[in-house]
Each structure stands twice: as structure tokens, then as C-alpha cells.
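A short write-up of the structure that comes next.
As the structure is a computational prediction, the values presented were derived from the model and not from experiment.
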Amino acid sequence: MKRIAAIILAVALVLTVLCSCSGKDDNNKTSSGGKVNVITTIFPPYDFTRQIGGDKVNVSMLLKPGMESHSFEPSPKDIVNIQNCDLFIYVGGESDEWVKTILESDDKKPGRIIALMDCVDTVEETTVEGMTAEKEEGEESGEKEYDEHVWTSPKNAIAISKKISSALQEIDPENKGVYETNTVNYSKELSKLDGEFREVVDSAKTKLLIFGDRFPFRYFTDEYGLGYFAAFPGCSAETEPSAATISFLIEKTKEKKIPVVFKIEFSNGKVAQTIADASGAKVLMMHSCHNVDGESMEKGATYISLMEGNLKNLKEALS
């Protein structure tokens, strides 16, 4: 609630500034060198957009490299940029409640808006056996909570990319052919990635994954028919699992002779290491692609390169 209140205050301040300005948009297509100006909240749509848009778009990401997405709060400058851009892309889940506050606060809105969760079929958030769950406000009100990590499935990445392409073509019809060609080529790359994951799973000795961490891979495991046990749900704010959870994961790792315990990016890996030490397993990372660190960004990390890293580690985990 404190987070929402702070955002509402920021919105109010921004609106005051906007009302006192001339109304000129500094970030839209007509004032950015003829390029489509796109703002995304997290890394996957940022990368999808630059793969499809190429040099025809100016795309920026609100999350700074290395920042944890679930604790993000927009600055007044972020809010102004969102309101002035040609295309705004966000996830649409519980972590993006602040977006509703911005979009409902004033008549001034981005030219186009895409919520990733509107691009694909979503599934309800679930708590599997052994997992340390946290009490959510939605549970008290009876509201359903949906898993927001839709991009973790390459198949979903293709669907999302096509939605982004369609929006770019509507905004910038002069370059429709460029977007169409780039979309076809990128979809082929994602389809190849999807095929490689299927080959690994099809030849696997086991189809069970252990995560000593949060679990933002529901769409991924559903896509490839993999089972899993994890310490926390995907968007959990908890950092310390119960003793029962750790004991459960250790026993499952031993019982099923699982060779790898996964952690996710930006995690200290302590829980995964505790499980690994007690079971004789190895700790590897599975990257959810929410965001990347500064060094990875500078080296040109992409959704596909991150997922190829996951492919390598998955092969070892299922051997």
C-alpha cells in the first residue's frame, strides 16, 4: 500500500508539471527522428522489440540493468516518458499494479499499449507440494492470481513478438515490410530454440527439476512437460524458506537422484547451495530473463542467448 501511495503521489506531481507545460511531446515518433518510440518495463519485450524493429525504433527499458523487477517503482520522469511514447509494453500482472494507476490517472496515455499477459493464454499461480507460500491479498478476497512469467516459453515469445510487430506496423505503416521480414526471421530463431529444448527433454533420463529459489518457469515447464519442486512461488517476496521446505527439497533431490539444483538470476543462491550440499547435487542457474546485469547488457545479451544458457544447464539437470 505504501508503494501504491508513493506512485499516486508521483502521478499527481507529474500531472501538475504536465498542466504547466506547453504540451509538446518529446518522445513520440514525430519528434524522435521519425523512429517509433517504445518503452518496456522489463527485458524480454525490450529485446523482442529491438529484434523486430531494428533501426526503425527507439526502444528503452524502465528497469536499470541489475534491478529486481518485482520491487520497481517508476520515477516522475518515467511516468512522463510512458505517457508520451508511441508504444508502451508491460507485463500486466500483480507486479505491474502501478501501471493501472498511471493509465487511469489522466486522459493522456501512450499511443499504443500491450500487456504481455493479454497476448497468450495464462495459468493460475499455484503452490506445489513442499513450497513455502506467502499469504496474498488476492486469496483473502477470493480473486484468482495468474502467473505473469509468460515469456519463459519460447512459443509464447513468438506470440508476443507477433503482437509487438502488429503494433509497430500500425504505428509506422511505411516500414511495415521491414517489421514483417524481421518478425519472420526472429520467429524462425525462436522456433529453433523451442525445437532444441524439445530434443533435450525427449532424450532426458528424468523430467523433474528442483529449484532452491523462486519459481518463475511455470509456462516453460508446462510447455515441455516437466515436473518441478521449488522453495517459493515465482513472485514471492520471501527470502527464507521454512525448515520443512528445505528438508522436503533435500529429500526429493536425494530420492530422485537429481544432479542439479537450480537458482535464478540475482539470487544469492544460499538456499540452492544448502540443498546441494546436503544431497550431493550441483548448483546451476536458470535465467528467467526478467532483467540482465550491466556487464551482460554491454556484451549484447539477448533473450535467445539467455535461453541458450538455460538449454545447456537444463541438459545437465535432466541427464
Side-chain angles (χ1 to χ4, degrees), residues 3 6-7 10 26-27 32-33 35-82 85 87-91 93 95-96 98-99 116 148-152 154 157 160-161 164 186 189-190 193 211-217 220 232 234-237 239 262-273 283-314:
R3 182 184 178 199
I7 293 170
D26 294 325
N27 296 295
S32 60
K35 295 185 178 183
V36 180
N37 191 56
V38 184
I39 294 177
T40 75
T41 53
I42 63 173
F43 184 76
Y46 167 82
D47 189 47
F48 299 159
T49 301
R50 63 182 180 175
Q51 301 299 329
I52 295 164
D55 62 2
K56 304 302 179 183
V57 302
N58 284 322
V59 56
S60 59
M61 182 173 66
L62 294 182
L63 277 183
K64 291 181 175 60
M67 180 182 289
E68 219 291 321
S69 63
H70 297 99
S71 59
F72 173 78
E73 294 182 12
S75 68
K77 181 180 179 181
D78 290 332
I79 296 171
V80 171
N81 289 339
I82 290 169
C85 72
L87 175 61
F88 175 55
I89 310 173
Y90 69 110
V91 178
S95 298
D96 280 348
W98 59 268
V99 174
L116 302 190
E148 61 188 59
H149 309 92
V150 293
W151 62 86
T152 57
I160 292 167
S161 297
I164 293 172
Y186 190 50
E189 292 184 50
L190 291 172
L193 178 68
F211 279 77
D213 217 316
R214 297 203 304 265
F215 182 77
F217 294 96
F220 178 86
F232 308 107
C235 290
S236 176
T239 57
F262 283 112
K263 65 177 182 177
I264 64 172
E265 72 276 13
F266 307 140
S267 167
N268 60 27
K270 289 182 179 179
V271 177
Q273 193 62 57
V283 176
L284 292 176
M285 184 178 73
M286 182 76 83
H287 207 301
S288 74
C289 305
H290 269 108
N291 197 4
V292 295
D293 58 33
E295 182 180 356
S296 297
M297 183 70 85
E298 289 179 5
K299 289 183 177 179
T302 66
Y303 173 83
I304 287 180
S305 70
L306 295 176
M307 293 297 279
E308 285 176 339
N310 289 345
L311 178 69
K312 178 182 177 181
N313 290 345
L314 182 71

* For Ser288, what residues pass the side chain to side chain donor-acceptor pair (under 3.5 Å) criterion, not counting sequence neighbours? -> Glu265, His290
* Structure fact -> salt bridge (charged side-chain N to carboxylate O under 4.0 Å, His left out) pairs touching residues 41-65, sequence neighbours excluded, are Asp47-Arg50
* Would His149 and Arg214 satisfy side chain to side chain contact (heavy atoms under 4.5 Å, CB included), going step by step from the backbone distance to the final call? -> CA-CA 12 Å; His149 309 92; Arg214 297 203 304 265; over 6 Å; no
* Using side chain to side chain donor-acceptor pair (under 3.5 Å) as the criterion, list what pairs up with Asp78, not counting sequence neighbours. => Ser75
* **Distance, nearest 0.5 Å, that separates CZ of Phe232 from OG of Ser267** => 9.0 Å
* Asked: Taking atom CG of Leu284 and atom NZ of Lys263, what is their separation to the nearest 0.5 Å?
  -> 9.0 Å
* List the steps and the verdict of side chain to side chain contact (heavy atoms under 4.5 Å, CB included) for Asn291 and Phe266. => CA-CA 9 Å; Asn291 197 4; Phe266 307 140; 3.9 Å; yes
* Closest non-hydrogen atom pair between Ile52 and Ser161, with its separation -> CD1-O, 3.1 Å
* To do: Please report the shortest heavy-atom distance between Val292 and Ala301, naming the atom on each side.
  => CG1-CB, 4.4 Å
* Residue list, side chain to side chain donor-acceptor pair (under 3.5 Å) with Ser60, at least two apart or on another chain -> none
* Asked: Less than 4.5 Å apart, any side-chain heavy atom of Pro154 and any of Met307?
  -> yes
* How many angstroms lie between CD1 in Ile160 and CD1 in Ile89, if you round to the nearest 0.5 Å? -> 9.5 Å
* Asked: Can you find a heavy atom in the side chain of Leu190 that is under 4.5 Å from one in the side chain of Ile304?
  -> yes
* What about Phe262 and Phe217, are their ring centers closer than 6.0 Å? -> no
* Asked: So which heavy atom on Met297 is nearest to which on Pro65, and how close?
  -> CE-CG, 4.4 Å
* When rounded to the nearest 0.5 angstrom, what distance separates CD1 in Ile82 from CZ in Phe88? -> 4.0 Å
* Atom of Leu62, atom of Trp98 and distance for their closest heavy-atom approach -> CD1-CH2, 3.8 Å
* How far does OG1 of Thr152 sit from OH of Tyr303, to the nearest 0.5 angstrom? -> 6.5 Å
* Asked: Looking at residues at least two apart in the chain, or sitting in another chain, which of them share a salt bridge (charged side-chain N to carboxylate O under 4.0 Å, His left out) with Glu308?
  -> none
* For residues 287-299, which residue pairs qualify under salt bridge (charged side-chain N to carboxylate O under 4.0 Å, His left out), counting only residues two or more places apart or in two chains? -> Glu295-Lys299
* Asked: For the atom pair CG (Asp213) and CE (Met286), what is the distance rounded to the nearest 0.5 Å?
  -> 12.0 Å
* To do: Take Thr302 and Gln51 through the side-chain hydrogen bond (donor to acceptor under 3.5 Å, both in side chains) test and state the conclusion after the steps.
  => CA-CA 9 Å; Thr302 66; Gln51 301 299 329; 5.3 Å; no
* Asked: Looking at Trp151 versus Phe43, is the centre-to-centre ring distance below 6.0 Å?
  -> no
* Structure fact -> Smallest heavy-atom separation, Asn310 atom then Met285 atom, equals OD1-O, 4.1 Å
* Asked: Looking only at heavy atoms, what is the nearest atom pair of Phe48 and Ile164, with distance?
  -> CB-CD1, 3.8 Å
